[in-house]
**Q** 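Let me begin by handing over the structure; questions about it come next.
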Amino acid sequence: MSNPELSIVIPVYNEEESLPHLLGELVPALEATGRTFEIICVDDGSQDNSFAELKKLRQQEPRVRVVRFRRNFGQTAAFAAGFDRAQGEIVITMDADLQNDPRDIPKLLDKMAEGYDVVSGWRVDRWKEGLRPLLTRKLPSMTANWLISTGTGVYLHDYGCSLKAYRREVVKNIRLYGDLHRFVPAIASYYGVTVAEVPVNYRSRQFGTSKYGLGRVVRVILDLLTVRFLLSYSTRPIQIFGLLGLLTFGLGFVIGLYLTFIKLVYGAALAERPMLLLSILLIMLGVQLITMGLLGELVVRTYHESQNKPIYAVREELG
Ligand code: UDP
Ligand code: MG
């Protein structure tokens, strides 16, 4: 059997009520595109009847594939499991909770046909719900999008929208950890992909509850730090740690020189001077940072050479 053209990857965590509606909408929408497809549902350790529901749906619709995790590993892991299994030329991700509209998929495909490697949904009308979500959802979301965009240089209005399409090579080439699923377009930019956005429909949740609270704000900030570092310095850690190290070491050294000078020339007493402590602190910090950079250089070599992972990405080759 030949590979399907599209792979839809859907993380599922306690979404028993949504699932039949989801498949009921998704399958006709996909059939309308005229392409062959597979739907990979990853049950992320649901405690409700999601798995039984998926099993039933698979009997009705054999193009549904189901992966069941042993426990809840998180949305990122669910996406990763789907990406590993995806066979389609184009991989589309979406949520199981009906918040993404399957009828937007053709829009994503049209954009992909223009030659983009990643097309991200942008939930334009997302904020019509009223004031309460303003503080807990809108503000954090806007801040996160702005932070991630400026931090990674990949400007998207809506990193949080799960409805996204990727060319297969893109998702096959990246490894996800932590909560990095939100950053896939930014991580992929490391390989020089082209990214576009299309406005998509947004619906509020009908069944079940959101799996995230405000705690994700902190996690997003920490993840951003990781991604930012990986994008800029993952193959040359000494250049960031070393630079910081040289600066602190240099400052400490100059202060030390000054103190030595006034001690030797003017006979000043140093024991009571906080500056002496500062100088020692800065010099030690500098040495540690430089050492850390050197260790980082070793780690980078192990990372790339142990998996034969090149430090470049080729678009095409002639001859
Ligand atoms: N999800 C998951 N594992 C988790 C949390 C969420 O697979 O640990 C799935 C969930 O079932 C849904 C999607 O990820 O399909 C997005 O979750 P949710 O709707 O709760 O996030 P929100 O829309 O509130 O950002
Ligand atoms: Mg949702």
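Ligands are counted one by one from 1 in listed order, and the atoms in each one are counted from 1 as well. The residues of the chain are indexed from 1 along the displayed sequence.
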**Q** Side chain or backbone, does A78 bring an N or O within less than 3.5 Å of an N or O on ligand 1?
**A** no
**Q** Taking atom types as modelled, find out whether T36 and E5 have a side-chain donor-acceptor pair closer than 3.5 angstrom.
**A**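 Yes.
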**Q** Which atom pair, heavy atoms only, marks the closest approach of S279 to I255?
**A** CB-CG2, 3.7 Å
**Q** Give me the nearest non-hydrogen protein atom to atom 4 (C) of ligand 1 as residue plus atom name, then the distance to 0.1 Å.
**A** D44 OD2, 3.4 Å
**Q** So, for T235 and V300, which heavy atoms are closest and what is the spacing to 0.1 Å?
**A** CA-CG1, 3.9 Å
**Q** How far is atom 11 (O) of ligand 1 from the closest protein heavy atom, and which atom is that?
**A** E15 OE2, 2.6 Å
**Q** Where does V42 meet ligand 1, judged by heavy-atom distances below 4.0 Å: at the side chain, the backbone, both, or neither?
**A** neither
**Q** Which pair of non-hydrogen atoms, one from M112 and one from D117, has the smallest distance, and what is that distance?
**A** CE-O, 3.7 Å
**Q** Identify the two heavy atoms, one from G192 and one from R315, that lie closest to each other, and give their separation to 0.1 Å.
**A**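 Answer, listing the atom of G192 first, then R315: O-NH2, 3.5 Å.
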**Q** Which atom names give the shortest non-hydrogen contact between I174 and I187, and what distance separates them?
**A** CG2-CG2, 3.8 Å
**Q** Just heavy atoms, cut-off under 4.0 Å: does R216 contact ligand 1 by side chain, backbone, both, or neither?
**A** side chain
**Q** What heavy-atom pair brings D95 and S162 nearest, and what distance separates the two atoms?
**A**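 Here D95 and S162 meet closest at OD1-OG, 2.6 Å.
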**Q** Please tell me whether Q99 and Y202 have a donor and an acceptor in their side chains that are separated by less than 3.5 angstrom.
**A** yes
**Q** List the closest protein heavy-atom neighbour of atom 19 (O) of ligand 1: residue, atom name, distance to the nearest 0.1 Å.
**A** D97 OD2, 2.5 Å
**Q** In terms of residue, atom name and distance, what is the protein heavy atom nearest to atom 24 (O) of ligand 1?
**A** S210 OG, 2.6 Å
**Q** Would you say S232 and R228 are linked by a side-chain donor-acceptor pair, where the criterion is simply a distance under 3.5 Å?
**A** yes
**Q** Please determine if R182 forms a cation-pi arrangement with Y159, meaning its NZ or CZ atom is less than 6.0 Å from the six-membered ring centre and no more than 45° off the ring axis.
**A** no
**Q** List every atom of ligand 1 that sits less than 4.0 Å from any heavy atom of Q99, numbering the atoms from 1 in the order shown and giving each element.
**A** 19 (O), 23 (O)
**Q** Checking only N/O/S atoms, does S162 have one that is under 2.8 Å from the Mg ion (ligand 2)?
**A** no
**Q** Give the single entry among P11, G208, S50 that approaches atom 7 (O) of ligand 1 most closely by any heavy atom.
**A** P11
**Q** Using a 4.0 Å cut-off to any heavy atom of G74, which atoms of ligand 1 qualify?
**A** 3 (N), 8 (O)
**Q** Which residue owns the protein heavy atom closest to atom 20 (O) of ligand 1, what's the atom, and how far is it?
**A** K211 N, 2.6 Å
**Q** Could you identify the single nearest non-hydrogen protein atom to atom 18 (P) of ligand 1 and state the distance to 0.1 Å?
**A** R205 NH2, 3.5 Å
**Q** If I consider every N, O or S atom in D97, which one ends up closest to the Mg ion (ligand 2)? I only need its name.
**A**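 This turns out to be OD2.
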**Q** Please list the nearest protein heavy atom to atom 1 (N) of ligand 1 with its residue and the distance rounded to 0.1 Å.
**A**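 Atom 1 (N) of ligand 1 sits closest to the protein heavy atom Y13 CB, 3.7 Å.
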**Q** Under a 4.0 angstrom heavy-atom cut-off, which atoms of ligand 1 come close to V12?
**A** 7 (O), 11 (O)
**Q** Please state which protein non-hydrogen atom is closest to atom 8 (O) of ligand 1 and give its distance, to 0.1 Å?
**A**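 Answer for atom 8 (O) of ligand 1: N72 ND2, 3.1 Å.
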**Q** If we only count N/O pairs under 3.5 Å, is T209 in contact with ligand 1?
**A** no
**Q** Going by distance only, is there an N or O of Y212 that falls short of 3.5 Å from an N or O of ligand 1?
**A**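 For ligand 1, there is no N or O atom that lies under 3.5 Å from one belonging to Y212.
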**Q** Taking only heavy atoms of A96, which atoms of ligand 1 are found under 4.0 Å from at least one of them?
**A**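 Checking each atom against A96, I get 15 (O).
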**Q** Verify whether one side chain among S50 and D43 offers a donor that lies under 3.5 Å from an acceptor in the other.
**A** no
**Q** Does some non-hydrogen atom of G160 fall short of 4.0 Å from ligand 1?
**A** no
**Q** I'd like to know if the side chain of N201 pairs up with that of D104 as donor and acceptor (distance under 3.5 Å, no hydrogens or angles considered).
**A** no
**Q** Tell me whether R71 forms a cation-pi arrangement with F73, defined as NZ or CZ under 6.0 Å from the six-membered ring centre and within 45 degrees of its axis.
**A** yes
